[in-house]
Each structure stands twice: as structure tokens, then as C-alpha cells.
2 protein chains.
Amino acid sequence: MENRIKKYKSLKIKLTPQRLAILNYLEGNKMHPSVEQIFKYVSRRFPSMSYATVYNVLNTLVKHNVVKEISIDPDKKRFDPYMSTHHHLVCIKCRKIIDLDMDFSIGVPEDKLAGFTMMGNHIEFYGVCAQCRGKDKD
Amino acid sequence: MENRIKKYKSLKIKLTPQRLAILNYLEGNKMHPSVEQIFKYVSRRFPSMSYATVYNVLNTLVKHNVVKEISIDPDKKRFDPYMSTHHHLVCIKCRKIIDLDMDFSIGVPEDKLAGFTMMGNHIEFYGVCAQCRGKDKD
DNA sequence: TTTCCATTTTATAAATATTATAATCTAATA
DNA sequence: TATTAGATTATAATATTTATAAAATGGAAA
Ligand SMILES: [Mn+2]
Ligand SMILES: [Mn+2]
Ligand SMILES: [Zn+2]
Ligand SMILES: [Zn+2]
């Protein structure tokens, strides 16, 4: 059996063609796509695909820790299949989101936490990407 | 003239009653309110207030660096009038957003940046707040 | 292999969130 | 006080997300 399928089998969820199509699109995808982008891509091969299914599948995958929902774009939800701990560089011009593979161990003193139990962190670095910098030299 | 009004005057924008009402609601507000919350509050005093005005005013204030739009809640935009550099503790149970007044100087090695010009960062710490921790002891 | 059924997909509607438009109104200036 | 650029309102349109129920089907059991 194909390796990828075996991997998804282990999730103990039904492997429907629609789910496989979405999983294949997400596999290795570094674009942090929105629901709209996912829908547009997979509906090319699955013309009957509906937005509801994309939402259903994504919610299921998030629940099973196969993708992360990221709150960087204030306009829409974006999804990230790259599950290792990592952070993001966000271009304030073109809104591109670039992975940053580093692990920062950021300590917060007890007295600043006010009883908050820390479980992790995510850093959004903002600035201007190489491409956008290349343009408008004003 | 009232101090607050003088401060807003310096923005060089028209000081309408609606804008003042929204500004007064935001002043010192640590709740990171959504458009809906802002609308519900100010429309109590301004029954003719419309959502469009709330969106208009907030967009203007963001443009003039009086409030920040924060992308923490994936479901809706939230706004923060606290303009000093700070970070947030986010409760994964009740979704409360708590200010963390610290300045982390996080260095990222050049080779990881790939031409990205760094301008700043925002850290979202996630975990469980004191109140939610107090409940369900399972 | 065939049957069965819990789960999923689809189609659709509804709810929620946001933006666009144009007529009306008003704060600021002279 | 009159003028006007800019703001508000009402409304419609668009975009995003969730809810619902009927139809379809993947996977287990026979
Ligand atoms: Mn990523
Ligand atoms: Mn804050
Ligand atoms: Zn860019
Ligand atoms: Zn909480």
C-alpha cells in the first residue's frame, strides 16, 4: 500500500477521495492556503467538490493534528500542514507568509503570568520580503 | 480644552461624536474588543450608529496608528488601543487575550531571512488562563 | 463478494462578517 | 454664517462560515 495512504489510515478516519485530494494538495504545501485556494485547486479535479466539504475536511484534519489553523491573515483562515514547531515571517506588503524553522525558548517570569499556564508560543515576524523590497525603491 | 480631545485633534481628522464615542470606549480598554462588541457598546448611547461607521472609524484609526488590528482570533477581527510594543497570552479554553508587557529582542540569523527585512515581531503565547485552570480539575 | 450502516459528501439555506455605494449630513475653516 | 471636504447612514452586495437534511459511499462484517 502506498506510504501516504498508510499514514492517513493511521488517523482512523475514512479515506474518501475528497479527503485524499485535499490531503494531497496540502502535502508539503508551504503556501499557507486559505479555504478558497484549497477549494479552487481541488475542485479542478473534483468538479462536484463543495465548500462545505472543504470546511468539514479541514476541521477534521485540525482535530486530528494533521494541519494547523493559523491566525495571521485577518481576512480569512489559513491552514498549514507543516506540523513541526516553527514560526512565520509575514510580508506587510504582499501578505506572503514564509516559514521560519527555529525554536526559540522564550522564558516569561512567573510574576508576569498571573496564573496563566504556558503551553507554547508562536512568533509572527513582520517586515518586507525580498521580492517586495526589490520593487518600489523610493 | 479637554486633554483627550486635544490628543485626537493632533490626528488631523474630523472629530465627530461617533468617533469620540468609539475612541472613549477604546481608551484604556484591555479587552481586545471585536467590531461587534464595539458596535454594541457605542450604539447604546448612539442608537443610530451603524456597523459601517464602526468599520470606517476603526480603519481610519488603524491608518493613523491609534489602534492596532490583531489577528489572534480566527473568527473575527479584534482591536487593541494599547500601542506600546507588547505581546499576548491567549487562553485556548475561553479565548481570552491578556497583555504581556515585555520586550523580547529575538535575533534571527541572516541566512534564515532570505532577504526578508525584519521590522518587528509579535508573540502569541498560548496556554490556559487562571480562571479556566480553576474550573475543570479532571 | 455482498450487505449493511455509520460516516461523509453534497446541495442548499442561513448566519455571520465585511465592503461598496450613494444620498444625506456635519465639523472645521474662513 | 456659508461653504465644503469629509463623515455618517441606510442599504445592498459580497465574502466567509456554519447548519441541516437527503443522498452517497467507505469500510467492516457476514
Ligand atoms: Mn508555516
Ligand atoms: Mn494587547
Ligand atoms: Zn512581499
Ligand atoms: Zn480561559
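In what follows, chains carry the letters A, B, and so on, assigned in the order in which the sequence lines appear, proteins first and then strands, with residues in each chain numbered from 1. Not measured: the values here are computed from a predicted model.
- A:H64 has its NE2 atom 13 Å from the C1' atom of C:dT8, to the nearest Å.
- Protein atom CZ of A:R19 is 14 Å distant from nucleotide atom C1' of C:dT10, rounded to whole Å.
- Checking B:N121 against A:H87 by side-chain atom types alone, no donor-acceptor pair falls below 3.5 Å.
- Minimum atom distance to the side chain of B:A52 is reached by C:dA20, of the listed C:dA20, C:dT9, D:dT8.
- Comparing B:T16 and A:V57 along DNA chain C, the residue whose closest nucleotide (by nearest heavy atom) sits nearer the 5' end is A:V57.
- Residue B:F46 contributes atom CZ, which lies 17 Å from atom P of C:dC25 at whole-angstrom precision.
- Note: CG (B:D73) to C1' (C:dA17) measures 12 Å, nearest angstrom.
- Side-chain atoms of B:S43 come within 3.5 Å of backbone N or O of B:F39 as a donor-acceptor pair.
- To the nearest angstrom, C1' of D:dA7 lies 13 Å from NZ of B:K63.
- Between A:H32 and A:H88, the ring planes lie perpendicular to each other; the angle is over 60°, past the 30° to 60° tilted range.
- No engagement by A:P74 is indicated, since no non-hydrogen atom pair under 4.0 Å with the nucleic acid exists.
- In the set C:dA20, D:dT17, C:dT18, the nucleotide with an atom closest to the side chain of B:Y55 is C:dT18.
- Of the candidate nucleotides C:dT9, D:dT16, D:dA10, C:dT9 has the atom lying nearest to any side-chain atom of A:T53.
- Contact annotation for A:I13: no contact, since no heavy-atom pair falls under 4.0 Å across all strands.
- Of the candidate nucleotides D:dT9, C:dA6, C:dA17, C:dA6 has the atom nearest to the side chain of A:K14.
- The interatomic distance linking A:N59 (CG) with D:dT16 (C1') rounds to 13 Å, in whole Å.
- For the pair B:Y51 OH and D:dA13 C1', the computed distance is 18 Å after rounding to whole Å.
- Using a 4.0 Å cut-off, no side-chain N or O of B:Q18 falls inside it from OP1 or OP2 of C:dT26.
- In this structure, A:H86 contributes its side chain and A:D99 its backbone to no donor-acceptor pair below 3.5 Å.
- Here B:S48 reaches the OP1 or OP2 of D:dT9: one of its side-chain N or O atoms lies under 4.0 Å away.
- In the model, B:D101 has a side-chain atom that pairs as donor or acceptor with a side-chain atom of B:Y82 under 3.5 Å.
- In this structure, of C:dA27, C:dT9, C:dT18, it is C:dT9 that holds the atom nearest to the side chain of A:N56.
- In this entry the distance linking CG of B:L11 with P of C:dA27 reads 17 Å, nearest Å.
- Comparing D:dT18, C:dA17, C:dT9 by their closest approach to the side chain of A:K77 singles out D:dT18.
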